[in-house]
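Notes for the one structure printed next.
Reckoned from all heavy atoms, side chains included, excluding hydrogens, waters and symmetry mates. In this chain, numbering begins with 1 at the start of the sequence shown.
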Amino acid sequence: AHWSPCSLTCDQGFRTRVRFCSNPPPSPTGQYCDGEPHAVEQCEDRKCPVDGRWSQWLSWSPCSETCGDGNRARHRTCSDPAPAAGGKECRGKPEEVVKCTVVECAVDGEWSFWSSWSSCSKTCGGGERSRHRTCTSPSPKYGGKHCAGEMMDKLACATAPC
């Protein structure tokens with residue numbers, strides 16, 4: 001007799017066959033056929049497809065910058081389980097990236113442009129003109145250095161005697 005189809009379309013199943021004691025049938029005084037009329041065996045037509053699943057995320061990487069804005073990332077793999085026997089790949093991305101800031105970077109101060117010169121403080125007998133600037137382009141921040149140099153500049157004027 002022929003075997004039945006496998007009980008499962010993939011992975012291990014069972015199949016059976018039945019035979020009848022009918023070729024020829026036993027006579028009324030004869031012996032019945034030898035052996036079992038039913039047979040069962042394991043079968044496997046093919047491996048079942050296994051769809052991939054993501055592993056757990058690995059730990060976040062350190063921030064890419066030691067100060068200011070940077071990025072950090074974490075990864076995972078399509079391996080828990082990996083796709084097999086025609087199963088689907090994992091959906092989604094294997095990497096996740098986010099912005100990070102460890103500390104703000106130090107900003108050193110820079111001088112602004114000089115102001116215009118002032119008028120002379122006297123019309124004769126020795127006067128003075130001045131101009132100034134500020135440490136605000138940019139101002140120092142987060143431990144940055146203050147501007148070096150003078151914030152005021154002076155110049156003699158009206159030096160003729162009165």
Side-chain angles (χ1 to χ4, degrees), residues 2-17 39-162:
H2 295 292
W3 288 100
S4 68
C6 196
S7 62
L8 298 176
T9 58
C10 60
D11 282 345
Q12 284 207 335
F14 295 95
R15 62 184 178 181
T16 61
R17 68 179 174 181
V40 177
E41 69 177 9
Q42 284 188 326
C43 55
E44 183 175 315
D45 288 343
R46 65 181 174 89
K47 293 284 185 193
C48 286
V50 176
D51 293 341
R53 290 185 52 144
W54 290 112
S55 66
Q56 294 292 318
W57 286 103
L58 297 177
S59 298
W60 286 102
S61 68
C63 194
S64 61
E65 302 296 329
T66 55
C67 69
D69 293 335
N71 293 312
R72 63 184 184 153
R74 64 181 182 169
H75 297 87
R76 61 184 177 173
T77 58
C78 187
S79 60
D80 193 21
K88 297 176 186 172
E89 289 289 328
C90 296
R91 292 177 57 162
K93 295 186 178 184
E95 180 182 54
E96 186 176 22
V97 178
V98 295
K99 295 205 176 301
C100 56
T101 302
V102 178
V103 293
E104 293 294 339
C105 293
V107 176
D108 293 339
E110 296 283 336
W111 288 114
S112 66
F113 291 110
W114 286 103
S115 67
S116 300
W117 286 103
S118 67
S119 302
C120 192
S121 60
K122 295 183 179 179
T123 55
C124 61
E128 189 175 81
R129 294 173 65 179
S130 65
R131 63 181 181 169
H132 68 276
R133 61 185 178 173
T134 57
C135 188
T136 57
S137 292
S139 301
K141 288 187 209 177
Y142 312 117
K145 297 176 187 170
H146 195 73
C147 298
E150 299 299 321
M151 66 186 312
M152 185 169 283
D153 191 15
K154 294 181 182 182
L155 187 65
C157 61
T159 54
C162 293

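In this structure, Arg72 and Trp60 approach most closely via the heavy-atom pair O-CZ3, 3.7 Å. In this structure, Val103 and Thr66 approach most closely via the heavy-atom pair CG2-O, 3.8 Å. Contact detail for Ser64 and Cys100: the closest heavy-atom pair is N-SG, 4.3 Å. Residues Asp108 and Lys145 share a closest heavy-atom pair of OD1-N, 2.8 Å. In this structure, Pro83 and Glu89 approach most closely via the heavy-atom pair CG-OE2, 3.4 Å. When all heavy atoms of Val107 and Tyr142 are compared, the closest pair comes out as CG2-CD1, 4.4 Å.
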List the steps, then state whether side chain to side chain contact (heavy atoms under 4.5 Å, CB included) holds for Lys154 with Arg129. CA-CA 6 Å; Lys154 294 181 182 182; Arg129 294 173 65 179; over 6 Å; no
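Remark: side-chain polar atoms of Ser112 are paired, donor with acceptor, to backbone N or O of Thr134 under 3.5 angstrom. Between the side chain of Ser121 and the main chain of Glu128, a donor-acceptor pair closer than 3.5 Å is present. A donor-acceptor pair is defined here as one N or O able to donate and one able to accept, closer than 3.5 Å; such a pair exists between the side chain of Asp11 and the backbone of Cys48. Between the side chain of Ser7 and the main chain of Phe14, a donor-acceptor pair closer than 3.5 Å is present. With Arg76 contributing its side chain and Lys93 its backbone, the two residues share a donor-acceptor pair below 3.5 Å. Looking only at distances, a side-chain donor or acceptor of Ser118 sits under 3.5 Å from a matching main-chain atom of Ser130. Between the Trp111 side chain and the Ala148 main chain, a donor and an acceptor come within less than 3.5 Å of each other. Here the side chain of Arg17 pairs no donor or acceptor atom with the backbone of His2 at under 3.5 angstrom. Formation of a donor-acceptor pair under 3.5 Å by the Thr159 side chain with backbone atoms of Gly126 is not found in this model. Checking side-chain atoms of Thr77 against main-chain N and O of Ser55 turns up no donor-acceptor pair under 3.5 Å.
Here Glu96 contributes atom CD and Asn71 contributes atom CG; the two are 12.0 Å apart, rounded to the nearest 0.5 Å. With values rounded to the nearest 0.5 angstrom, Phe113 atom CZ is found 7.5 Å from Ser137 atom OG. Here CZ of Arg91 is found 12.5 Å from SG of Cys78. Values are rounded to the nearest 0.5 Å. A distance of 11.5 Å separates OG of Ser79 from CZ of Arg53, quoted to the nearest 0.5 Å. Atom-to-atom distance recorded for Gln56:CD and Arg74:CZ is 9.5 Å, nearest 0.5 angstrom. With rounding to the nearest 0.5 angstrom, the CH2 atom of Trp114 is 9.5 Å from the NE2 atom of His132.
Salt-bridge check for Lys141 with Glu104: failed, with every basic side-chain N at 4.0 Å or more from each acidic carboxylate O. Remark: Asp153 engages Arg131 in a salt bridge, criterion side-chain N to carboxylate O under 4.0 Å.
At a threshold of 4.5 Å between non-hydrogen side-chain atoms, the residues Cys135 and Pro140 count as touching. Residues Leu155 and Trp117 form a side-chain contact, since some pair of their non-hydrogen atoms from C-beta on lies under 4.5 Å apart.
In the model, Asp69 has a side-chain atom that pairs as donor or acceptor with a side-chain atom of Thr101 under 3.5 Å.
Residue-environment remark: CD (Glu41) exceeds the threshold of 12 foreign heavy atoms within 6.0 Å.
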